[in-house]
Amino acid sequence: MKAVIFDLDGVICFTDKYHYIAWKKLADKEGIYFDEEINNRLRGVSRMDSLEIILERADKQYTDTEKEAMAAEKNATYVELLKEMSPKDLSDEVKSTLEELRARGYKLAIGSSSKNTKMILGQIGLGDFFDAISDGTNITKSKPDPEVFLKAAEFIGEAPADCLVVEDAKAGIQAAYDGGFKSAGLGEATEHPNVTYKMNGFKDLLEICK
Ligand code: B16
Ligand code: MG
């Protein structure tokens, strides 16, 4: 392995709670039922695809223009919450593991569905850390499509077979598998039948990437 491609939300940091608050505010306003279980289905899924999942519980049909407005409204709430993030939201375990992987000579990249990736990395003090960032701004198909990881591999100039993808979402493990990458899963991602390595915590990467 020559490189490691990290998912952002659920791997490097935890923006789950902010996504939940922002979607819940929108759902309550529209009178749509929304709970933590539905929120779990949004992990790794793009903003518009997430909205479609939420609208499964809606009583009325929304036009594309209304959907765009709703997604923009949710994002405005979410971005306000992201402003509260700081380097304190980067754990010592993640920080020291990333530094050790760099010292061992691995190229390190991000592969996230989020269009807010660069802002989040800036907030937690990793704005200049990664060798490449592939995110929601440079893809047309979201996970489980492998596009976001294939772009990350292309940006760092490595073949998928030489890269490890680190993911917390089953959709991300599927994307890694379909793209020809090895994968390391955290949380529910360990349940995917095609996950290469099952991790208990982020620092397990130091055993996988010797
Ligand atoms: P945005 P990841 C994903 O991040 C989140 O897990 C998912 O819940 C979110 O809908 C998606 O980013 C898009 O985020 O609205 O900021 O563009 O896990 O791929 O890093
Ligand atoms: Mg994730």
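Just so we're clear, the structure is a prediction, and the values are computed from it rather than from any experiment. Both ligands and their constituent atoms are indexed starting at 1 by order of listing.
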| said: Quick check on contacts: which atoms of ligand 1 are under 4.0 angstrom from a heavy atom of K115? | reply: 1 (P), 16 (O), 17 (O)
| Taking all non-hydrogen atoms of both residues, which atom of H19 and which atom of Y78 are closest, and how far apart? | NE2-OH, 3.0 Å
| remark: Taking only non-hydrogen atoms of R43 and a 4.0 Å limit, the atoms of ligand 1 in range are 6 (O)
| said: Among all the protein's non-hydrogen atoms, which is closest to atom 15 (O) of ligand 1, and how far away is it? | reply: R47 NE, 2.8 Å
| If we ignore angles and hydrogens, is there a donor and acceptor under 3.5 Å between the side chains of N138 and S134? | yes
| task | If you have a sec, work out which protein heavy atom is nearest atom 19 (O) of ligand 1 and how many Å separate them, to one decimal? | result | S113 N, 2.8 Å
| message | Nearest non-hydrogen contact with atom 5 (C) of ligand 1 belongs to which option: D9, N116, D7? | response | D9
| said: Between ligand 1 and G44, is the shortest N or O to N or O distance under 3.5 Å? | reply: yes
| query | Does any donor atom in the side chain of E30 or Y62 lie under 3.5 Å from an acceptor atom in the other side chain? | reply | yes
| remark: Shortest non-hydrogen pair, V166 vs M199, comes out as CG1-CE, 3.6 Å
| query | Any idea which atoms of ligand 1 are less than 4.0 Å away from a heavy-atom of H19? | reply | 5 (C), 8 (O), 9 (C), 14 (O)
| task | Check whether any heavy atom of G10 sits under 4.0 Å from an atom of ligand 1. | result | no
| With a 4.0 Å cut-off on heavy atoms, does S50 reach ligand 1? | yes
| field | Where ligand 1 meets L8 - atom numbers and elements under 4.0 angstrom, heavy-atom basis | value | 20 (O)
| Lys/Arg-Asp/Glu bridge criterion (N-O < 4.0 Å) met for R43, D9 | no
| query | Do you know the tightest heavy-atom contact between S50 and W23? | reply | CB-CZ2, 3.6 Å
| query | What are the atoms of ligand 1, with element, lying closer than 4.0 Å to any heavy atom of K143? | reply | 19 (O)
| note | Here the N/O/S atom of D168 closest to the Mg ion (ligand 2) would be OD1
| Which residue from L51, L42, V79, I53 reaches closest to atom 7 (C) of ligand 1 through any of its heavy atoms? | L42
| query | Which of the numbered atoms in ligand 1 are below 4.0 angstrom from a heavy atom of Y78? | reply | 16 (O)
| query | Quick one: do the D178 and N194 side chains pair a donor with an acceptor below 3.5 Å? | reply | no
| query | Is it true that K83 and E80 have a side-chain N and a carboxylate O under 4.0 angstrom from each other? | reply | yes
| request: May I ask you to decide if Y18's main-chain N or O and T15's side chain share a donor-acceptor pair within less than 3.5 Å? | output: no
| message | On a heavy-atom basis, which atom in P160 and which in G179 lie closest, and how many Å separate them? | response | CB-O, 3.4 Å
| query | For the Mg ion (ligand 2), what is the closest N, O or S atom on D9? | reply | O
| field | Atoms of ligand 1, numbered as shown, that sit under 4.0 Å from any heavy atom of S112 | value | 2 (P), 4 (O), 19 (O), 20 (O)
| Short side-chain donor-acceptor distance under 3.5 Å, T140 and E147 | yes
| message | I'd like to know if the side chain of E93 and the backbone of K203 have a donor-acceptor N/O pair within less than 3.5 Å. | response | yes
| request: List every atom of ligand 1 that sits less than 4.0 Å from any heavy atom of V45, numbering the atoms from 1 in the order shown and giving each element. | output: 7 (C), 9 (C), 10 (O), 11 (C), 13 (C)
| Below 4.0 Å from any atom of ligand 1, is there a heavy atom belonging to E167? | no
| field | Closest approach to the Mg ion (ligand 2) by D7, given as the N, O or S atom name | value | OD2
